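The structure presented is a predicted model; accordingly, all values stated were derived computationally and were not measured.
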Amino acid sequence: MNPAGKPDLSWVLNDVLNVRGARHAILVSADGLLLERSSEIPRDDAETNAAAMSSMQSLSRAVAGFVAGGKGIWKQTLMEYDGGWIFLIAAGSGAYLAVSAALDVDMEVMSIRMQQQVKALGQALSTQPRQSAGAEA
């Protein structure tokens with residue numbers, strides 16, 4: 001547990017950042033909250049990107065039916081930019097792992113490493129949807 005009383009999940013980020021070409025990593029809740037960030041990315045940038053990654057996973061899920069005759073299920077989003085790549089995968093119930101990497105990253109190694117880390121997380125990354133304060137169930 002860290003000082004804020006939440007589990008320390010930095011080991012997940014540290015492992016994926018060991019892949020040559022990896023730059024930053026963030027863990028994001030489905031509603032766009034930053035759960036964890038790698039030390040190289042400033043908190044403000046990580047929070048902005050967390051919100052964007054939440055939207056990206058939502059968009060990716062929405063167009064999953066475009067694959068395999070309407071029966072596609074989203075697993076990973078890969079985005080290419082002038083300066084590199086962003087990898088985005090589900091990381092438990094209601095959480096996502098996003099990694100930015102250089103253009104020369106070994107995409108297969110990165111994808112496999114991310115999947116291994118997500119599998120290792122299991123329940124540790126599962127987050128419940130936020131509930132309104134004072135709302136009746």
Side-chain angles (χ1 to χ4, degrees):
M1 294 286 225
N2 66 21
K6 64 180 186 173
D8 179 11
L9 302 175
S10 61
W11 61 274
V12 177
L13 305 182
N14 292 339
D15 190 65
V16 297
L17 290 178
N18 285 328
V19 174
R20 186 183 55 75
R23 292 181 177 150
H24 307 294
I26 57 175
L27 291 171
V28 182
S29 71
D31 56 359
L33 295 177
L34 178 65
L35 300 174
E36 189 74 59
R37 67 184 170 95
S38 57
S39 59
E40 304 80 26
I41 185 169
R43 175 165 288 285
D44 287 347
D45 290 348
E47 289 176 349
T48 298
N49 283 292
M53 290 303 138
S54 175
S55 296
M56 186 55 65
Q57 66 77 26
S58 180
L59 178 61
S60 295
R61 287 180 190 282
V63 297
F66 190 57
V67 177
K71 298 179 182 173
I73 297 173
W74 177 76
K75 299 204 181 240
Q76 177 176 329
T77 298
L78 178 63
M79 295 164 272
E80 181 180 14
Y81 297 88
D82 288 348
W85 299 93
I86 295 176
F87 296 78
L88 177 65
I89 64 171
S93 177
Y96 304 92
L97 174 60
V99 176
S100 78
L103 283 170
D104 64 348
V105 69
D106 185 325
M107 293 177 12
E108 182 178 10
V109 170
M110 178 59 77
S111 184
I112 290 169
R113 181 71 57 88
M114 290 175 71
Q115 291 169 17
Q116 289 170 338
Q117 286 306 100
V118 164
K119 187 175 180 181
L121 284 172
Q123 293 291 76
L125 271 184
S126 294
T127 60
Q128 298 298 317
R130 287 189 292 173
Q131 297 185 10
S132 300
E136 297 294 322

Problem set entry | 4.5 Å side-chain heavy-atom contact, Q76 and M114 | no
Seminar exercise, completed: What one should report as the nearest heavy-atom pair of T77 and S60 is OG1-OG, 2.6 Å
Problem set entry | Interatomic spacing from NZ in K75 to CZ in R61 - rounded to 0.5 Å | 10.5 Å
Exercise. So, do M79 and F87 sit near enough that their side-chain heavy atoms are less than 4.5 Å apart?
Worked result: no
For this session: Locate the shortest heavy-atom distance separating W85 from L103; write the atom from each residue and the value.
Result: NE1-O, 3.3 Å
Problem set entry | Any donor-acceptor N/O pair, N49 side chain to D45 backbone, under 3.5 Å | yes
Exercise. Are any non-hydrogen side-chain atoms of R43 and L34 less than 4.5 angstrom apart?
Worked result: yes
Exercise. Checking side-chain contact (heavy atoms from CB on, under 4.5 Å) for the pair L33/V28: CA distance, chi angles, key distance, verdict?
Worked result: CA-CA 6 Å; L33 295 177; V28 182; over 6 Å; no
Exercise. What is the minimum heavy-atom distance between Y96 and A30, and which atoms define it?
Worked result: CE1-CA, 3.5 Å
Exercise. What distance do L17 atom CG and E40 atom CD have between them, rounded to the nearest 0.5 Å?
Worked result: 5.5 Å
Exercise. Are V118 and V109 co-members of a hydrophobic cluster defined by side-chain heavy atoms under 4.5 Å apart?
Worked result: yes
Problem set entry | From S100 atom OG to H24 atom NE2, the distance as rounded to the nearest 0.5 Å | 4.5 Å
Exercise. Within the side chain of Q57, is there an N or O that forms a donor-acceptor pair under 3.5 Å with the backbone of S54?
Worked result: yes
For this session: Taking only Lys NZ, Arg NE, NH1 and NH2, and the carboxylate oxygens of Asp or Glu, determine whether R20 and D104 approach each other closer than 4.0 Å.
Result: yes
Exercise. So, do E80 and I86 sit near enough that their side-chain heavy atoms are less than 4.5 Å apart?
Worked result: no
For this session: Drop me the distance from S111's OG to Q116's CD, to the nearest 0.5 angstrom.
Result: 10.0 Å
Problem set entry | Nearest non-hydrogen partners of V16 and A22, listed with the distance | O-CB, 3.6 Å
Seminar exercise, completed: Correct closest heavy-atom pair for R37 and P42 would be NH1-C, 4.0 Å
For this session: Indicate, with yes or no, if L78 and V105 share a hydrophobic cluster defined by side-chain heavy-atom contacts under 4.5 Å among Ile, Leu, Val, Met, Phe, Trp and Tyr.
Result: yes
Problem set entry | By salt bridge (Lys or Arg N to Asp or Glu O under 4.0 Å) - contacts of R113 (at least two apart) | D15
For this session: For residues L88 and M53, report the shortest heavy-atom separation together with the two atoms involved.
Result: CD2-O, 3.7 Å
